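Computed from a prediction, not measured in an experiment: that's the story for all the values here.
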Amino acid sequence: MPVLMSMGCFTLTHNASCSLLPSSQRVLELHSHSNFGGRIRVTLTPLNTRVSKNLNITTCAAVGNGIETDTAVVEKPQLGSRFQVSRGCPAPLGATPQDGGVNFAIYSLNAVSATLCLISLSDLQHNQVTDCIPLDPLINKTGGVWHVFLKGDFKDMLYGYKFDGKFSPQEGHYFDSSRVVLDPYAKAVISRGEFGALGPDGNCWPQMAGMVPSSDDNEFDWEGDLPLKYPQKDLVIYEMHVRGFTKHESSKTKFPGTYLGVVEKLDHLKVKFLNIFLLKKFLKCSLGLFFLLVDILCNRLELGVNCVELMPCHEFNELEYFSYNSVLGDYKVNFWGYSTINFFSPMIRYSSNGIRNCGRDGINEMKFMIKEAHKRGIEVIMDVVFNHTAEGNEKGPIISFRGVDNSIYYMVAPKGEFYNYSGCGNTFNSNHPVVRQFIVDCLRYWVTEFHVDGFRFDLASIMTRGSSLWDGVNVFGDPIGDLMTTGTPLGSPPLIDMISNDPILRGVKLIAEAWDAGGLYQVGTFPHWGIWSEWNGKYRDTVRQFIKGTDGFAGAFAECLCGSPNLYQGGGRKPWNSINFVCAHDGFTLADLVTYNNKHNLPNGEDNNDGENHNNSWNCGQEGEFASTLVRKLRKRQMRNFFLSLMVSQGVPMIYMGDEYGHTKGGNNNTYCHDNYLNYFQWDKKEESSSDFFRFCRLMTEFRQECESLGLDDFPTAERLQWHGHSPGMPDWSETSRFVAFTMVDSVKGEIYIAFNMSHLPSAITLPERPGYRWEPFVDTSKPAPYDFLSPDVPGREIAIQQYAQFLDANLYPMLSYSSIILLLTPDGSA
């Protein structure tokens, strides 16, 4: 029976059966006889152990009536001068301002104790904790969620947690109560303030902490910004790196390498700003001619993309690979950012203000960048890395997820080993119920709070793999048995299902990099629910092979031109589900693709062992930038061929930053570790190219947007498209064919003839006859600028067209080797 003991103002009730348990697990109930409160439940701890900042309990053994009892001496909770502490709520997760205070909630199922650590901005620099709030598992824990509510002065205050429990890597647990770990839901992560700068005492991994939010944090003025919601078929995507875009000195921006720097250069992507009133003052012309000139200048001077895909902008540690690079004489860093620390926080060191205002300025700068992009008609897609984190394998640091609950957030084998489907040491446990909810919460946050228009998922095939669950039950609640092992590809992955059917996320662009480092390749087969698109790696490989003149790819190249129906039509998808690209951040740039047969990655410090060995590139006869005039001319021609093929293909074209002017990385196809000219957009080179290749790119982009037939909502049929060979209607799909030609009926342009001759031999081709009309030359990649693209402003355009008259009168056109053409059908004035 219970034993009752009177202790001052409290009565202690102790069930004698509890004496069978270790003293650390005995439960007492204290009944108040004063105004202190009703009943308090206490878990006893060893003698003289302080278990709470505001509650002291000591125990001693006594024997009464033959029954062992415990005596508890309880001190009244004392409110600190800084914070008032109460129970809090288990939802929402993260730190949430409410009711004049902040509610803190974090999921950690396997921790046995948790402490909220509050850290001032000044104490963070000295690796000190300002205040600790121990959480009582009986009061501050609901299910697997620890929670507490605080009121007080949070100015310049940050937070983190300490968790205690098993440190048993062989069981998948890495709890360490000496470490302050980040809340996965923290909205801004604060550590160092300047990109590339070392922490105190040269530390590359200084203490990090999350921003404590306030009710004033949502006061950013969006000025009525709304989603642009372009149909995906109309997109022209530009993959870019925030820091790399403006860090080069030639950008001449006020805030190079930052979100604000991007804003200063956004007009390069879409429309160049002109003061039309000053222009009218200095142009003495009619009003009609004036507006024609404005239209030409505003819409033809810049690249013309309407969507940017930002390489990772989540918080990462660029000093992760910090080491001296003897080849270049600088230091290696994690420049690309594919090693996330926190998925809710923007990269604070991309902000011009660094950690000022505890990261709030960084948040607002990124929002400002997105708002300004929308003003220019440019959507913003984020590259997100939900396949692994910066914590690496068992030798990696304990930063956040590992210290919060390792076996929940990572795929871990029965003996504690980390699955490595990412190739980066760990694999995010994406289809675990808790983790997939975390990912959905994160994506929703970026859409609702930052107005992001979509996401590209790095190594997205990992998100289709089965999770590891330590309770032996799979994600649907059924026993796993021998039917499914960790990492098994799932036909209907719960995470992809949740995202696809989420009322908020279903309306944004969703793009999968449909493969992973574990050998799972899903291009054309990624679970899609009718809305997911894919980086079409097969398009890249096929186009590279055909354009460089490899036999056996004519038919496959034709499929690419049609939007890859061989991959997407059977599954009910459309051409716009294919994101077409020739080059991206990993691999050769477009200029290097035609300059190098082999990778040249020695500057990476890995003895040229890193990076892809099979690049499907061709140096056009000589390796490296220093080559003969003939070779350099052929390279320019090949670059135009690649870009033209990208712009006339059904599907969504994606351009890599710098390719529009011919940026080179010196043959390095894996520049992940270089914070220098290799990864910087060089604005001076772009200006040099403004009348040459850059001009060709912007005019081809404009041409695509003008043509109704080059961004179809469905795959082209024989009613619209006809295939041709060297003679009309006779395509050659043989293994030795290097020629592909077709005509497209276009409601704007009338009819278009497009041909590719990737043979080393020239050819005179016969054009389809169209009575009452004649074919007029428009694009010929074999011609030097500006005659490669005969836009209306080309000097001597009529003379250039007349030079083809002898051939066109005979319905012929002479094509040089390795060249492509576009002809337009016009009324025959001589008929």
Parallel under 30°, tilted from 30 to 60°, perpendicular over 60°: which one fits the rings of [X] and [Y]?
X: F693; Y: F643; answer: perpendicular
X: Y161; Y: Y159; answer: perpendicular
X: Y410; Y: F401; answer: perpendicular
X: H268; Y: F681; answer: perpendicular
X: F386; Y: F438; answer: perpendicular

Distance only, no hydrogens: is a donor on one side chain within 3.5 Å (strictly under) of an acceptor on the other, for [X] and [Y]?
X: E315; Y: T340; answer: no
X: D361; Y: S351; answer: no
X: D441; Y: Y185; answer: yes
X: Y661; Y: E688; answer: no
X: N420; Y: N426; answer: no
X: D405; Y: H173; answer: no
X: E239; Y: H585; answer: yes
X: N317; Y: R192; answer: yes

*asked:* What I'd like to find out is whether the side chain of V384 reaches to under 4.5 Å of the side chain of H314, using heavy atoms alone.
replied: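 Yes, close enough: below the 4.5 Å cut-off.
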*Measure from NZ or CZ of R402 to the centre of the six-membered ring of Y409 and say whether it is under 6.0 Å with the direction within 45° of the ring axis.*
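Not satisfied by the 6.0 Å and 45° rule.
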Going by atom type alone, with no hydrogens or angles, which donor-acceptor pairs under 3.5 Å involve a side-chain atom of residues 199-213 and a protein atom two or more places apart or on another chain?
residue	atom	partner	partner atom	Å
N203	OD1	W205	N	2.8
N203	ND2	W205	O	3.3
Q207	NE2	V180	O	3.2

*Any chance the rings of F450 and Y445 have centres within less than 6.0 Å?*
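Yes, ring centres under 6.0 Å apart.
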